[in-house]
Every structure is written in C-alpha cells, then in structure tokens.
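On a predicted model such as this, the values are computed, not experimentally measured, just so you know. Reminder, nothing fancy here: chain letters follow the sequence lines and each chain counts from 1.
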Amino acid sequence: MPLELFNTLSAKVEEFHPLEDNLVRMYACGPTVYDYGHIGNFRTFIVVDTLRRFLKQSGYQVKHVMNVTDVDDKIIRNAARDGVTVQEYTKKYRQAFLEDADALNIEHPEMLVNATDHIQEMAHLIAGLVGKGYAYRTDDGSYYFRIAKFPEYGKLSKKDFAGMSDGARVDVDEYDKDNARDFALWKAPKPGEARWETEIGPGRPGWHIECSTMSMKYLGESFDIHCGGEDLIFPHHENEIAQSEAMTGKRFVHVWVHSRFLLVEGEKMSKSLGNFYTVRDLILKGHKPSSIRFLLMSVPYRKQLNFTFDGLTQAANSVERLRNFKLRLESEPFPEGTSEAIAGTAKKTSDEMRSGLDDDLNTARALGAVFDMVRDVNAAADAGDVRKGDVLALLQVLQQFEEIFAVLKDDDAAKVRATVEWAKSEGLEDKISAETAELGKAASLADADVERLVAEHSQARKMRDFARSDAIRAELAENGIILENTKDGVRWKRK
RNA sequence: GGCGCGGUACCCAAGUGGUAAGGGAGAGGUCUGCAAAACCUUUAUGCGUGGGUUCGAUUCCCACCCGCGCCUCCA
C-alpha cells in the first residue's frame with residue numbers, strides 16, 4: 001500500500017508518488033532564529049522529521065532542504081537593541097536550534113540554508129518578476145507582488161480575492177502599493193537597518209521570497225513536498241506559490257503538508273498566558289527529551305494536540321514500558337527454538353505499523369500496533385512461549401519502530417546534563433529543578449563502574465547478604481541507576 | 001462576519017454503517033528475600049446535545065452547544 005498524504009492544495013488525501021523516480025524532494029520552512037524555539041515550533045519540525053524518516057524507511061531517497069530565516073523585522077530590532085550585527089545576533093539561536101533538534105532526535109535535513117546567503121539570488125528573482133510584470137517598484141525603492149496579475153492567488157488557502165473580501169481587515173501601509181493585498185518582495189532600506197546592495201537596489205528581502213528562491217535553487221522549479229505549520233498556509237505559502245509560479249509558469253509544489261497547532265494545558269500557547277515553553281524550559285523542569293518527543297509524536301499531525309504536564313508524565317511512562325520490553329528481549333535467556341506464533345506477531349506488528357504510517361502518518365495507529373506486540377510478547381514470555389530464535393525478529397520490529405519514533409535509545413541523561421551545563425553558563429542555575437539535577441546524575445557513572453557495582457550486588461545476593469546488596473542498590477539509585485533482579489539474573493538501566 | 005477543523009472512559013487517543021484499538025492512571029490479584037519489571041482481572045449498554053435516514057449509527061444528514069484555527073509576516 002502506498003503512502004497517502006493530505007494535500008492542503010487539493011484538500012484531499014492523495015496517494016504519494018515522487019515526480020522523479022525514487023527521489024523525494026522536499027522543503028520545510030525552518031526556524032526564524034531570533035530566540036529559542038518553543039514546543040509548537042518543534043511539533044512541526046517533528047512532523048517533518050517523521051515524514052522524512054518514513055519516506056526513507058519506505059525506500060525513497062530523500063533530499064530535504066530547510067531554510068533558516070536569519071533576517072526579519074524581529075531580528076533586526078533585537079540586533080539593534082543589543083548593538084550587534086544581524087549575523088552576530090542570529091548565530092547563537094541558529095546553534096541553539098540545532099542543539100534542540102538534536103535533543104529531540106530530529107534528523108538534520110540534507111541541506112540547511114540561510115536566507116542571508118541568498119540575497120543576490122532573491123533580488124534576481126524579483127528582477128525577473130518585474131520583467132514579467134508581476135512585480136513593481138514603489139517610489140521609496142520597495143518592491144511588491146501584483147496579485148491582480150496572478151488569478152490563481154488564493155488557491156492554497158481557498159480564499160477568493162476576486163472582489164476584496166469584506167470582513168477582512170486591510171492593513172494600512174506607509175508604502176504606496178497598487179492594491180492593499182499586494183505583498184512585499186523587497187523592503188527599501190531604513191537608516192540603521194541591515195541592508196544589501198543588489199541589482200534591484202539597496203534594501204532587504206521580504207519574508208516569502210527566500211523560500212521561493214532557495215527551494216527552487218536546490219530542488220528545482222517543481223518539487224514534491226513542502227511542509228510547515230498551518231499558520232503558514234496564508235499568507236506565506238500562498239505568496240510562495242504566486243512568486244514561483246508567476247516566474248516559471250510551472251506547478252511549484254505537488255503536495256503541501258501542514259501540521260496543526262498545539263494547545264498547552266487547553267489554551268493557545270502565548271507568553272501572556274504564561275504557558276509558553278521552550279524545549280530547554282521543559283528539560284530544566286525535569287522532563288526527558290524522549291518524553292517530549294513521544295508526546296509530540298503520539299497525536300497525528302493534523303489533529304490539535306493538547307500539550308500538558310500530565311501528558312508529559314504519561315509519555316515518560318509509555319517510553320519506559322517500551323524500553324523495558326527491549327531490555328527484556330536483550331537480556332533474558334530464552335529457551336532454544338522458535339515459535340510460529342511469535343513470528344506471526346512480529347510480522348503482524350510490522351505490517352500494521354507500516355500501514356498506520358502509510359495512512360497519512362497515523363502515528364497513533366503505529367503506536368497501538370507496537371504496544372499490542374509488547375503485551376502479547378510479554379505474556380508469551382511469561383508463559384515460556386518465546387524462544388531464542390524469535391528474538392531477532394522482534395528486535396527488528398523494534399528497530400523499524402525506532403527508525404521513526406526514535407525514543408528507545410536512552411541517552412536522556414546525557415542530554416539533560418548538557419542542558420544543565422547550558423543553564424549554568426547562562427546564569428540560569430535557579431531554573432534547574434531538583435528532578436533535572438537528579439536526571440543529570442544518571443549520566444555521571446561510566447558503564448564499567450556500574451557493571452562493577454552490579455556484580456558486587458549480585459555476589460552479595462548469592463551469599464544472601466541482603467543488607468549489603470540493598471545498600472549497593474541504594475547507592476546506585478543515588479546515582480540514577482536502577483537495578484532490577486529477575487529470576488534469570490540482574491539487569492540495570494539509567495533513570 | 002467569511003472559510004475550516006474538532007468534541008470517544010479519570011487523562012491521552014485509534015476507529016468503523018453492525019454493535020467501542022492502544023497507552024497512562026486507579027483498584028484487586030499472581031510472581032518475588034525486598035524493590036522493580038511483567039502478567040491477569042477490573043474502569044464508556046457508551047462515543048458533545050436534540051432530531052432524522054436506516055433492519056441497525058459513535059460512524060450518514062439537519063439543528064444547536066462548546067473548543068480551536070486562518071482571514072494582521074505566530075510552527
């Protein structure tokens with residue numbers, strides 16, 4: 001069964017097929033690097049990550065380009081406030097974005113491109129639009145796109161601009177536009193602001209032109225998928241279509257994928273409501289990166305996700321159940337042989353996971369399949385019905401799961417520790433919760449040291465010196481290591 | 001006002017014209033030196049409310065209530 005995706009342009013779920021052989025060319029709107037990214041941003045980035053991971057798992061070669069918007073009004077304002085250049089200002093937040101993406105196991109796109117590295121190409125595209133009559137210059141040196149010349153304007157957002165929509169507010173601009181709806185391609189320089197000298201004169205680019213320029217430069221005039229948050233449908237993506245298709249006369253993007261906004265504790269996230277969280281905020285409050293990723297992934301991308309602290313705890317427990325299951329498969333000495341029933345379970349789970357994701361990335365369905373397997377196999381193992389020969393197939397199914405969800409590998413402690421170090425370097429010690437400090441500890445003991453203490457613990461238990469063995473377990477617990485005794489021996493994991 | 005999405009158990013959540021996956025949490029039990037893990041049982045005659053279509057609707061239609069989004073360069 002092929003992958004099906006909801007295409008905002010057609011407003012339908014469609015079968016996905018790449019334009020060119022086996023190669024998927026996709027573009028995703030990346031961060032505007034004026035501050036640390038919040039969990040809403042990262043829901044969208046995780047959706048993109050899920051898509052690219054699943055495309056690769058499905059056998060496609062993926063070329064994924066993501067832009068970094070490193071010049072806009074906010075950046076210019078903040079840089080001026082801090083008395084630094086735009087480049088200096090954005091460097092820190094661009095780096096922070098990558099760190100947060102790493103913390104959440106978001107894969108890097110094949111290309112991560114900066115707007116400011118493509119200014120001349122943007123100017124060139126604008127010049128081309130002027131040449132074709134789609135753009136015009138105003139007296140102050142700004143350039144605008146003439147939407148009256150592009151009849152299809154509104155096809156993505158399903159808006160009718162034939163007659164000016166009545167209810168919509170129309171912004172009063174200080175510039176001299178032909179039509180209030182025309183949008184800025186290029187902004188004339190203002191004193192003290194970042195500016196570039198180009199073939200169309202001095203100034204800086206409007207927001208939308210960067211994505212048209214960079215996506216077509218690296219992916220071609222027509223490519224497969226363009227992703228972003230739902231808020232970008234209008235005006236950003238609508239404007240990209242107008243700019244690009246006006247220039248090339250070709251269909252710009254084939255499938256538009258938009259992720260729904262999330263709510264925090266039932267309300268829209270906003271600084272004024274005090275429910276605005278960055279990834280770093282949550283880690284410093286004692287939540288693991290894997291919990292955050294799991295929660296953000298557990299709700300299909302077209303459904304509103306209510307992000308709550310209760311949900312974060314639930315996610316942590318769910319991840320723990322999966323990790324425990326994997327640990328059991330890896331450490332328990334199962335009897336020789338194979339079981340047809342278990343092989344069937346593995347196959348069924350693998351198929352259902354795939355068809356769930358094929359179904360417009362229904363991550364909830366995929367999760368259901370995996371948890372079904374966990375319960376069935378645990379029960380079979382308790383009954384002695386899982387054999388050594390079944391383990392590989394089961395681990396492969398978990399691997400298939402991990403390739404998409406990326407929450408089984410337990411490196412939370414190290415990541416938490418890195419965030420703690422960052423907080424200290426920023427003078428944010430008071431933001432570090434007790435839980436976070438506790439989690440960070442789990443990364444402090446090396447495996448070899450843990451193994452030595454675990455061996456001592458086992459030896460003490462054999463001698464039935466429970467006082468000694470419990471003392472060692474308590475000591476390890478102090479350092480964030482959890483010991484579990486099973487009938488087949490001891491195993492351990494980091495908190 | 002225009003356009004669009006959603007309301008499923010304590011919480012998260014899948015789903016279908018034929019009688020409600022899965023996870024978390026709670027309760028009871030099994031196992032166990034203890035702890036943990038794991039398993040079993042249990043928690044919606046019910047899927048926002050009221051009508052309608054149908055042999056039969058949570059699933060289709062209508063109305064209403066509630067939440068949310070876009071229409072202002074917020075993912």
Side-chain angles (χ1 to χ4, degrees), chain A residues 8 11 28-32 37-48 69 72-74 154 157-160 165-172 183-184 206-208 227-236 238-239 258-263 266-271 276 294-295 298-300 302-308 310-325 327-328 332 352 356 359 362-375 377-383 461 464 466-467 469-470 473-474 477 482-487 490-493:
Chain A
T8 307
C29 285
T32 301
H38 60 252
I39 52 176
N41 295 318
F42 282 99
R43 151 113 125 154
T44 295
F45 298 141
I46 281 181
V47 167
V48 174
T69 301
D72 84 328
D73 291 343
K74 274 196 200 99
S157 52
K158 314 287 181 274
K159 293 181 193 305
D160 181 11
S165 31
D166 293 326
R169 281 161 286 181
V170 171
D171 59 330
V172 181
F183 59 89
W207 174 32
H208 319 295
C227 317
E230 61 171 333
D231 60 316
L232 298 183
I233 296 171
F234 189 89
H236 185 53
E238 194 72 69
N239 292 351
H258 292 100
S259 57
R260 191 93 199 260
F261 266 23
L262 55 70
L263 260 40
E267 293 186 288
K268 181 166 180 173
M269 180 168 66
S270 74
K271 284 182 175 163
F276 185 95
F294 186 92
L295 176 54
S298 61
V299 179
R302 282 203 294 138
K303 185 166 171 171
Q304 195 169 59
L305 182 159
N306 186 13
F307 192 99
T308 64
D310 185 44
L312 223 32
T313 302
Q314 294 183 13
N317 290 334
S318 299
V319 170
E320 195 58 26
R321 179 166 165 81
L322 294 169
R323 288 179 179 173
N324 283 335
F325 177 68
L327 192 60
R328 179 177 195 177
E332 198 164 310
E352 173 56 20
D359 176 14
N362 190 333
T363 47
R365 257 183 74 185
L367 277 174
V370 169
F371 279 109
D372 274 337
M373 177 178 84
V374 170
R375 188 195 57 246
V377 172
N378 267 326
D382 283 359
R461 283 189 75 230
R464 301 193 67 77
F466 294 122
S469 67
D470 287 353
R473 187 164 59 198
I482 295 167
L483 267 196
E484 293 176 3
N485 294 303
T486 72
K487 62 184 187 330
V490 66
R491 66 185 185 209
W492 65 274
K493 62 189 178 190

Kindly write out the residues that satisfy side-chain contact (heavy atoms from CB on, under 4.5 Å) with A/Ser259, not counting sequence neighbours, or none if the list is empty.
A/Thr44, A/Val47, A/Tyr301
A/Thr308: side-chain contact (heavy atoms from CB on, under 4.5 Å) partners, not counting sequence neighbours
A/Glu265, A/Asn306, A/Asp310
Qualifying residues under salt bridge (charged side-chain N to carboxylate O under 4.0 Å, His left out), relative to [X], sequence neighbours excluded:
X: A/Arg321; value: none
X: A/Lys487; value: none
X: A/Arg43; value: none
X: A/Glu484; value: A/Arg491, A/Lys493

Check nucleotides 42-44 of chain B for protein N or O atoms closer than 3.5 Å to its own N or O atoms and list the pairs.
none

Quick one: what's the B/S/- string for nucleotides 32-40 of chain B, heavy-atom cutoff under 4.0 Å, read 5' to 3'?
-BBBBSSS-
Footprint string (nucleotides 2-14 of chain B, 5' to 3'): B base within contact, S backbone only, - free, heavy atoms under 4.0 Å:
--BB-----BSSS
In chain order, what residues pass the ring pair (Phe, Tyr, Trp, His ring centres under 6.0 Å) check against A/Phe183, with sequence neighbours excluded?
A/Phe145, A/His208
Hits for ring pair (Phe, Tyr, Trp, His ring centres under 6.0 Å) against A/His38, two or more places apart or cross-chain, chain-then-number order -> A/Phe276
Between the protein and nucleotides 46-49 of chain B, are there any N/O to N/O pairs under 3.5 Å, and if so, what are the atom names and distances?
none

Residue met sooner reading RNA chain B from 5', once A/Asn41 and A/Ser318 are mapped to nucleotides:
A/Ser318
